[in-house]
2 protein chains.
Amino acid sequence: MEQVSVACATCAVRNQAICAALDSAELTALSRIRRHQHLSAGQTLAWEGDDAFVVASVTSGVLKLTKSLGDGREQIVGLAFPADFIGRPFHSKTTNTVTALTDTDICVFRRSDFENYASDHPQLERKLLERTLAELDRARDWMTRLGRKSASEKICSFLIDISERLSADTCIGATTADEFELPFGRQQVADILGLTIETVSRQLTALKRGGLIDLSGRRTIHILDRTPLVEAAETFA
Amino acid sequence: MEQVSVACATCAVRNQAICAALDSAELTALSRIRRHQHLSAGQTLAWEGDDAFVVASVTSGVLKLTKSLGDGREQIVGLAFPADFIGRPFHSKTTNTVTALTDTDICVFRRSDFENYASDHPQLERKLLERTLAELDRARDWMTRLGRKSASEKICSFLIDISERLSADTCIGATTADEFELPFGRQQVADILGLTIETVSRQLTALKRGGLIDLSGRRTIHILDRTPLVEAAETFA
DNA sequence: CGCAACATTGAGACATATCAAGGAGAGTGG
DNA sequence: CCACTCTCCTTGATATGTCTCAATGTTGCG
C-alpha cells in the first residue's frame, strides 16, 4: 500500500486510460486529487457490498472482479488490465470484489473527488462512457460463453480472448500473441468459465494432446495452431 | 413500423429515460431528430453484426438482446424495459440482436444525430453513463447466475428478479409484485438462464408442487411464498 | 371445432461435478 | 545442492444434474 508520487506525463497509460481526454493543464488539476497505490498479488482493493469510497485507473498489472455466492462458490465477472477503470461511480456500494492477480499499480481517486471533477469535464465522462459500453459488450460475450458453450468451447474461446488482451500494447509480459503467461492459476480460470478446476485441467490436457497448444510452465500457454482453436471456440460475435 | 408524432411532454417515460436530464427547450431540439416507432411482438429492430444506424429509448413494451452461436444456440444477454436505452453509441457495429417480446414503442434516433446532440449535452451523456453502469452491474449479476448456479437456483433468482423489474413504476401489466405475466415463453426463459426448455418446465413444476408458486396461464406466475424463493435463489449480491 | 404452437412429462444418455489419490514445481532451510 | 514441504496441478473412478429424444397434453386462435 505504498504511496508514490509520479507525474502523469510519464504514466504508462497516459494515452490509453480515460485521462487521455485531458490536456496537461487539466491533468495537473486531476493529479491533485489522485494518488498512486501499489497492490501485491492477492491483495484486495474493495469488497463486494462495502461502501464505495474509491475509483481508480490501472497503471500496470491485472486484477479480477468477483462475485461470491455465500458458500464458497465464486464467479469472476471481469478482468482489469492497464488503462482499465475500476470502481463504481455514482453508486454508494461496491458491486464486486476487486483483487490484484499480479503486482499492480493503480491511480486512485476518492469517489466523490472523481465525480466532482468529472462533472466539470464532460470529455472525461465521455471516455468513461465509451469504456463502460465496451465493458458491457465484453460482459455480454462472456454471458454467452457461460450460458451456451461446452467446457471445451469455453476453454478455447477463453484462450483466444486472453491471448488478444495480453498482447494489447498496454500489457507487458506477452512476447507474441501466441505464447503468453496467464496471470492466473487453474482455479481462477475455472471461476472465469463457470467450471471446476478438474475440468479446466482436463480440457487443457486434451488440447495439448490434440496438438493445438503446448503447456510448459504451469501458467504458460503456447498456441501452436490458432485456426482450429478459433473454430473450436464457436466464436461468432 | 408506423411512425407517429407524439410530444415528449406527454411521454410515459419522460422522467425516467435519459431525456429526464433535459429541460423543455432542449427537449424540443431533441424532438427534431427523433421519431417514434412501433414494433410488433417478435419484430427485430437490429441484427448482431450489422452496421449500427440507430439508437433508441423504450417507451413501452419489453425487448430482448440476444447473441447467437452459429448453430441454433442463443443466449439472451439483456432485457430492455420502458425508459431503457438500446443501441450502441460510439461503435459502428450492432453488438447484439434486438427483438421486441411484446408490442413495443420506441423513440428512435439516427446514431450519428444522437451522438452529435449528446456531445453538446453532457447531462444527457451523464444519464447514459449512469444507465450503462447499472446495466453492467446487472450483466455481472447475470454472469454469476449463469456460471455458478444450479437450475433451480437460476429459476428462483430469475423469478425474484423479473417480478421486481415488472413491478417497477414504468411497467404496466403487473398487478402486484407477487402476481405477474411473463413477457416471454419457456424457450426464452431457457435462453436467459442457459438451460433447456425442458429443464425450465420441470423446475417450474417442482416449485409449483412445492407450494412456492402457482401457475395459471402459460405465462402467469404467482409467487405464493417469497421468502423461501429468495433463499433458494442464493441471492447474495 | 380443430389446428398449430407451446408446454409438460418420461426414459435414457452424456457431460461435467465430485471424491480421492498421486505428481510436479517453487520456495525454504539444512 | 539436496531433501522437505506446501501448494498447485493432473489423473482416475464414480456420481449426478442437465440434456436429448420422444411422446403426450394443453392453450389459444382462426
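Lettering of chains follows the sequences in order, A, B, ..., and the numbering in each one begins at 1.
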Check your understanding: Roughly, in whole Å, what's the span from NZ in B:K149 to P in C:dA17?
Key -> 17 Å
Review point. Taking NZ, NE, NH1 and NH2 as the nitrogens, is one of them in B:K64 or B:E74 under 4.0 Å from a carboxylate oxygen of the other?
Key: yes
Exercise for review: Please report, rounded to the nearest Å, how far the C1' atom of D:dC9 is from the CD1 atom of A:I155.
Suggested key: 13 Å
Review point. Between the two end axes of the helix from C:dC1-D:dG30 to C:dG30-D:dC1, each built from 5 base pairs, what angle do you get to the nearest 10°?
Key: 40°
Review point. What is the nucleic acid contact for B:T205, judged by heavy atoms within less than 4.0 Å: base, sugar-phosphate only, or nothing?
Key: sugar-phosphate
Point to revise | Under-4.0 Å salt bridge between A:R140 and A:E135 | key: no
Review point. Could you state the CG-P distance from B:L101 to C:dC6, rounded to the nearest angstrom?
Key: 13 Å
Revision key, fill the gap. note: B:R219, atom CZ; C:dC6, atom P; distance rounded to Å ~ 8 Å
Check your understanding: Quick one: do A:R165 and A:D84 make a salt bridge, cutoff under 4.0 Å?
Key -> yes
Revision key, fill the gap. Side-chain contact check for B:I197: nearest option of D:dT18, C:dA7, D:dT11 is C:dA7
Exercise for review: Please answer whether the main-chain N or O of A:T104 pairs with a side-chain N or O of A:H38 as donor and acceptor at a distance below 3.5 Å.
Suggested key: yes
Review point. Under 4.0 Å between a Lys/Arg side-chain N and an Asp/Glu carboxylate O for B:D50 and B:K93?
Key: no
Review point. Using a cut-off of 4.0 Å between protein heavy atoms and nucleotide atoms, how would you tag nucleotides 19-30 of chain D 5' to 3' with B, S and -?
Key: SBB----BB---
Check your understanding: Between the side chains of A:S40 and A:D103, is a donor N or O closer than 3.5 angstrom to an acceptor N or O?
Key -> no
**Study point:** Presence of salt bridge, B:E153 and A:R73, under 4.0 angstrom
**Key:** yes
Check your understanding: Phosphate oxygens OP1/OP2 of C:dA15: is one of them under 4.0 Å from a side-chain N or O of A:S150?
Key -> no
Practice item. Output yes when B:D141 and A:K67 qualify as a salt bridge under the 4.0 Å nitrogen-oxygen rule, no when they do not. Key: yes
**Study point:** Polar side-chain atom of A:R111 near backbone of A:A52 as donor-acceptor pair, under 3.5 Å
**Key:** yes
Practice item. Measure from CD on B:Q203 to P on C:dA7 and round the result to the nearest Å. Key: 16 Å
